[in-house]
Amino acid sequence: MNYVLSFKPAIGLYGHHDPSAALFADGELRFAIEEERLTRDKHAVDTFPERSIRACLEYEGIELSDLEKIVLPYDPKLRAKIADHYLKNTVQLDGTLRKVSHLQNVVTDQFVARYLPTRRVESRLRQIGTPVAPIECRSHHACHAVSAFHPSTFEEALVLTVDAKGEYDSTVVWHATADGLTRLRTYEHPNSWGLFYAVITNYLGYRMFNGEGKVMGLAPYGEDDGEIERRLRDRIETGVDYDVTAITGRWGTEHGVKTLEDLFDRPRSTTTDEFDQFETNLAHTAQKLLEESVTDIVEEYIDHVGTDNVGLAGGVILNCKLNKAVAEHPAVEDVFIQPVAHDAGLALGGGWIDHRPDEVDPLTNVYWGPEYDTDEIRRVLETNKIDYAEPDDLERRVAELLADGALVGWFQGRLELGPRALGNRSILADPRTEESRDRVNRFVKHREEWRPFAPSMTDAAADEYLENATDSPYMITTFDVSPERREELRAVVHPADDTTRPQTVREEQNPRYHRLLREFEDATGVPVLLNTSFNDHGEPIVTTPTEALKDFFGMGLDVLVLEDVVVRKRSQSGVLSGDGVE
């Protein structure tokens, strides 16, 4: 077999967050994992993905020397295209010493970017094994674009890649056909919607590249605010020819945050437990301007390329409300959204980039990580003297516990790739009451109580529960909930706009999870569960049974299901609480 390893290094000048690795055999994706799942450090900032690389090799039982080549989804030489931007920044600085210091940094940055990164990577790989296969660098946004088209079912599409920054580009418009991808337009850094949204995120008290999803969830609590919108529109342009550089004029967010402080005569937020009307309105306005520009670009270029299929990738595409706006645009017929849209998905595009689109199988799931069998789980439990049971009809019994109000950790099969738990590393609860939502926020996830949750539902139930329903297996877009069904889903409907971000589950995609949903339907009449990622606040999704057990005993969960095994917490009397599983 011809093995190809693709990984985002997140080392030095290659970027600094969400490294991952993926292994391909003759073009077929075999294994993929994010480094954070192994280091247990959220986003694995400035981390070389050594553990991910080793996990890929171990899964296939090969050595580094068995690889045909290594693909890095980043081409450092392209950074030279924004050297003039950094030089302009130098001129704008006050004081000779500051200018000299900044100029030295620019020169060093460009020299190191051009000559050193692949040497650094090769040096780190030699610690894993030798010889090191040839290393090829590919454009960041090209890898995003490949991930948004090659695993789709489209023969032709408009592809849009939107993030904070590639090497020099922040938004790129592509025409994708069976022959590959053609770059139609490039919006260069720092003219970046990803960076603009990161500035808003920091200004509202969250951390860039970590809190953007929370700002998106906050936005529906706000409303149109003419004064906020006027002040922002006075500084930026939206639409096809957008320009947000008055806010994003330098890499990083500190300059932008200070600009917003001056613009609104108000300091940045220092708490995220509660937000006032200004803060929610600002989030609402930022979301509105983002959606306005991206949909304008889509409309313009759909007409240009003559296809109404759209592929989306890049970190900004994790914004599921934006994806809803694109999918529902009158000019759009069909959308494929790469579920691992952020930088962790670059490893996928890097592995497929040298293949024709028709050589890549359509994406059917994202279960590409490690798995653990029941025998291994039993050994862990018995070594730690943890009581467990193995019910004859596990799905039925767990569904009954959920219907009775239990909060369940659900650990099955191969680990998901990407930011969403999709029924293999999930926390599950009854979706029917707001009390259920509040209990998960307060006692399990230990996070702000205003934040909404998402549901998993059988694919057959989507038309009944969602407006304009389409297949949505990856929790990457939102839908309006049918008015007559909202009361059944209070725990997973956004309180401010009656939308939800569903996972539709097909039997062939995840048989056991689908059976659990069907059993819950038999018990309650509702084929839906609240599904959130199996992790505590601020940590990555659990990877191993031991990590699941740690979180189970450290969080307000009632039940833990590890493959065929059920663990329940002891009551004060020392007897397993509840009945029917012993």
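Other residues, nucleotides and ligands contribute only 12 or fewer heavy atoms inside 6.0 Å of the CD atom of Glu274. Heavy-atom neighbours of Glu333 CD from other residues, nucleotides or ligands within 6.0 Å: at or below the threshold of 12. Within a 6.0 Å sphere centred on CZ of Arg432, other residues, nucleotides and ligands contribute more than 12 heavy atoms. The environment of Glu237 atom CD is sparse: at most 12 non-hydrogen atoms of other residues, nucleotides or ligands sit within 6.0 angstrom. No more than 12 heavy-atom neighbours from other residues, nucleotides or ligands sit within 6.0 angstrom of CG on Asp265. More than 12 heavy-atom neighbours from other residues, nucleotides or ligands sit within 6.0 angstrom of CD on Glu449.
Checked by atom type and distance alone, the side chain of Ser436 never pairs as donor or acceptor with a backbone atom of Ala429 at under 3.5 Å. The main-chain N or O of Gly349 is never found under 3.5 Å from a side-chain atom of Ser147 such that the two would form a donor-acceptor pair. One N or O on the side chain of Asn323 and one on the backbone of Ile317 form a donor-acceptor pair closer than 3.5 Å. Of the possible polar contacts, one joining the Lys569 side chain to the Phe552 backbone as a donor-acceptor pair under 3.5 Å is found.
Atoms CZ and CG, on Arg490 and Leu530 in that order, are 13.0 Å from each other to the nearest 0.5 Å. The distance from atom CD of Glu292 to atom OG1 of Thr285, rounded to the nearest 0.5 Å, is 11.0 Å. One finds the OG1 atom of Thr477 at 9.0 Å from the CG atom of Leu312 (value rounded to the nearest 0.5 Å). Taken from CD in Glu261 to CZ in Arg266, the straight-line distance is 11.0 Å, to the nearest 0.5 Å. Atoms CZ and CZ, from Arg442 and Arg437 in turn, are 10.0 Å apart once rounded to the nearest 0.5 Å. If you take CG on Asn191 and NZ on Lys165, they are separated by 14.0 Å, rounding to the nearest 0.5 Å.
Using a 4.0 Å cut-off between charged nitrogen and carboxylate oxygen, Glu448 and Arg451 count as a salt-bridge pair. For Glu547 and Lys550, the salt-bridge test fails: no basic side-chain N is under 4.0 Å from an acidic carboxylate O. Ion pairing between Arg396 and Glu519 holds under the 4.0 Å rule for side-chain N and carboxylate O. Salt bridge status for Arg515 with Glu395: present, with a side-chain N to carboxylate O gap under 4.0 Å.
A donor and an acceptor atom, one from each side chain of His189 and Ser170, are nowhere located under 3.5 Å apart. Donor-acceptor pairing under 3.5 Å is recorded for the side chains of Ser426 and Asn531. No side-chain N or O of Ser20 forms a donor-acceptor pair with one of Glu34 less than 3.5 Å apart. His140 and Asp163 share a donor-acceptor pair across their side chains, judged by distance under 3.5 Å alone.
Here Trp193 and Tyr242 bring their ring centres to under 6.0 angstrom of each other. Aromatic ring centres of Phe479 and Tyr465 lie farther apart than the 6.0 Å criterion allows.
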For this session: Take Arg40 and Glu35 through the salt bridge (charged side-chain N to carboxylate O under 4.0 Å, His left out) test and state the conclusion after the steps.
Result: CA-CA 8 Å; Arg40 309 309 301 158; Glu35 186 72 5; over 6 Å; no

Problem set entry | Full working for salt bridge (charged side-chain N to carboxylate O under 4.0 Å, His left out) between Arg37 and Glu539 | CA-CA 9 Å; Arg37 308 292 168 82; Glu539 73 171 17; over 6 Å; no

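Using cut-offs of 30° and 60° for the angle between ring planes, the Trp450 and Tyr221 rings count as perpendicular. Phe275 and Tyr206 have tilted rings, their planes meeting at an angle from 30° to 60° on a 0 to 90° scale.
With a 4.5 Å cut-off on side-chain heavy atoms, His284 and Asp224 count as touching. Here the side chains of Asp343 and Leu346 are in contact, with some heavy-atom distance below 4.5 Å.
Exactly one of Leu428, Val408, Asn424, Ile427 qualifies for a side-chain contact (heavy atoms from CB on, under 4.5 Å) with Phe534. That residue is Ile427.
Annotation: cation-pi pair Arg420/Tyr474 absent, no NZ/CZ under 6.0 Å from the ring centroid and within 45° of its normal.
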